[in-house]
Amino acid sequence: MEKLVILGGARLSGEVEISGAKNSAVAILAASIMVKGKCRIENVPHVSDIDVLLDIINGLGGSAAFVEKSTVEVDCTNLNKYEADYETVRRIRASSYLMGALLGRFHRARVGMPGGCDFGVRPIDQHIKGFKILGTEVEVDHGMVDLRADSLIGDNIYLDVVSVGATINIMLAATLAEGITVIESAAKEPHIVDVANFLNCMGANIKGAGTDVIKIKGVPELHGGEFSVIPDQIEAGTFMIAAAATHGDVTITNIIPTHMESLSAKLEEMGVGIEEYDEAIRVYTDGRRLKRTNIKTQPYPGFPTDLQPQMLTLLTIADGTSLVTENVWDNRFKYVDELNRMGAHISVDGRVAAVEGCDHLAGSPVHATDLRAGAALVIAGLMAHGVTEIYNLKYIDRGYEAFEAKLRSIGAQIARRNIEKELHTNAV
Ligand code: EPU
């Protein structure tokens, strides 16, 4: 078992480079299942969710591996299975994309109900609604989703809920369907545009990604090619918040500043300095206490739910009381008990958290409850007085590449410790 140990109080400064977007890369890797030919995919973050997906693709009879630090080569020409291993699939949410990809490729898929972080019910009814409209019979038994279609025929699909996963999954299946599929009320997150760009590079015909109406003209097959994944909006946001939280001065590079607008605007409201460049953002403060603000999470271009825990953490030391409303997930405030353990004053009522700003947090042992909550606790540790120990690192490792090494490079006092090894050494 490992833990992160952080000595709080260091002011972050310097330059840090953002990796490729995890949530885009997982969808693109799943999409590569539909390609007959070799795909070279650059700017892929080396995180555990990606490793799981590479294992799944190899298990299905394809070949997929890192060939350079952040470049993956995938060749699914000879992929020959439509059933994905239940235990592996349960480990990541993105395994839901196997449904759309295998259905597109074989008109048949058998995939375990996807896992991922636990913040309330995570239904897939909109994915299934889309597959059914395209002509698929769907059965769910013993935790497996079984999909079969004689043929996939394009149609109009209106999503009742704006869903990233359903939008991508339907886009995947529709890419190799006959005729035209129109997804209305589609999600508009940057990684949806990225997945559409990837598919178009490989021969698909998708228009409108990034708006709420996506039109997909089915093509008979996809060919190999090269693609580079966009920078990770959420990793970038996490570093921007960490810079503000430590009253630092950090330039965050390899990012797309327009993806950061909702966060940049909120940070500026709090008194944080933001300077935008073509592919970088500088975040700095004048050292004065930050002002309170309110946050409401929304699908893109609104404030991202995946930055809610990090932002709430920053608000724990702002001047005054802030309200944070979670509009995307039912139960994404589990981690606040950990922050309260560090001296924060947060009370939660349903989807709203009231955060009463305090002078400072105090270091303490805490447990990550999911990926972004883990990142939030790291930020809490950086700004706290004293030492914070963070457990359950498997969550953080799912989505942040070289997190503590990057933080150390800009001045954080953070280290990873192997608990068994330490106990063994002490006993000898
Ligand atoms: N929803 C339904 N029915 C569906 C699908 C979704 O009701 O069929 C609801 C969900 O319950 C939720 C809302 O719609 O209330 C949004 O869910 P969405 O489908 O957009 O989420 P997702 O695709 O499962 C992705 C990211 C999440 C991120 C959400 C929202 C990946 C692999 N995951 O999840 O990222 O929170 O979009 O932006 O892309 C993370 O990276 O930490 C993470 C959890």
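Just so you know, ligand 1 is whichever comes first in the structure, and atom 1 is the first atom listed for that ligand.
Residue Gln126 approaches ligand 1 through these ligand atoms, each under 4.0 Å from one of its heavy atoms: 3 (N), 4 (C), 8 (O). The atoms of ligand 1 that sit less than 4.0 Å from any heavy atom of Arg332 are 36 (O), 42 (O), 44 (C). Every atom of ligand 1 is numbered from 1 in the order shown, and the set under 4.0 Å from a heavy atom of Lys22 is 41 (O). Near Val161, the atoms of ligand 1 lying under 4.0 angstrom from a non-hydrogen atom of the residue are 7 (O), 9 (C), 14 (O). Close approach to Leu371 involves these atoms of ligand 1, each under 4.0 Å from a residue heavy atom: 42 (O).
Checking only distances, Thr305 never comes within under 3.5 Å of ligand 1, N or O to N or O. In terms of N/O distances under 3.5 Å, ligand 1 is approached by Val328. Taking any N or O of Val164, backbone or side chain, at least one lies under 3.5 Å from an N or O belonging to ligand 1. At under 3.5 Å, a nitrogen or oxygen of Gly165, whether backbone or side chain, sits near a nitrogen or oxygen of ligand 1.
Taking CG from Leu377 and CG from Leu382, the interatomic distance works out to 11.0 Å, rounded to the nearest 0.5 Å.
Under the 4.5 Å side-chain criterion, counting only non-hydrogen atoms from C-beta, Leu312 is not in contact with Arg332.
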*Apply salt bridge (Lys or Arg N to Asp or Glu O under 4.0 Å) to the pair Arg351 and Glu326, showing each step before the final yes or no.*
CA-CA 5 Å; Arg351 285 177 176 260; Glu326 174 54 55; 5.3 Å; no
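Compare Tyr97, Tyr395, Trp329 by their heavy atoms: the one nearest to atom 29 (C) of ligand 1 is in Trp329. When Gln298, Glu189, His191, Arg372 are checked for heavy-atom proximity to atom 42 (O) of ligand 1, Arg372 turns out nearest.
Under a 4.0 Å heavy-atom criterion, Lys129 is not in contact with ligand 1. Note on ligand 1: Pro123 sits in its first shell, one or more heavy atoms being nearer than 4.0 Å. Residue contacts with ligand 1 do not include Glu326, since none of its heavy atoms lies under 4.0 Å from the ligand.
Side-chain atoms of Asn418 and Arg416 form no donor-acceptor pair, as typed in the model, at a separation below 3.5 Å. Judged by distance alone, the side chains of Tyr335 and Gln308 do bring a donor and an acceptor atom under 3.5 Å apart. In summary, the side chains of Thr238 and Gln310 do present a donor paired with an acceptor at a separation below 3.5 Å, with no hydrogens or angles considered. Counting only N and O atoms by type, the side chains of Thr293 and Glu269 include a donor and acceptor under 3.5 Å apart. In summary, the side chains of His191 and Asn23 do not present any donor paired with an acceptor at a separation below 3.5 Å, with no hydrogens or angles considered.
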For residues 131-155, tabulate all N or O donor-acceptor pairs below 3.5 Å that involve a side-chain atom, not counting sequence neighbours.
from   : atom 1 : to     : atom 2 : distance (Å)
Thr136 : OG1    : Phe131 : O      : 2.8
Asp146 : OD1    : Arg108 : NH1    : 2.9
Asp146 : OD2    : Arg110 : NH1    : 2.9

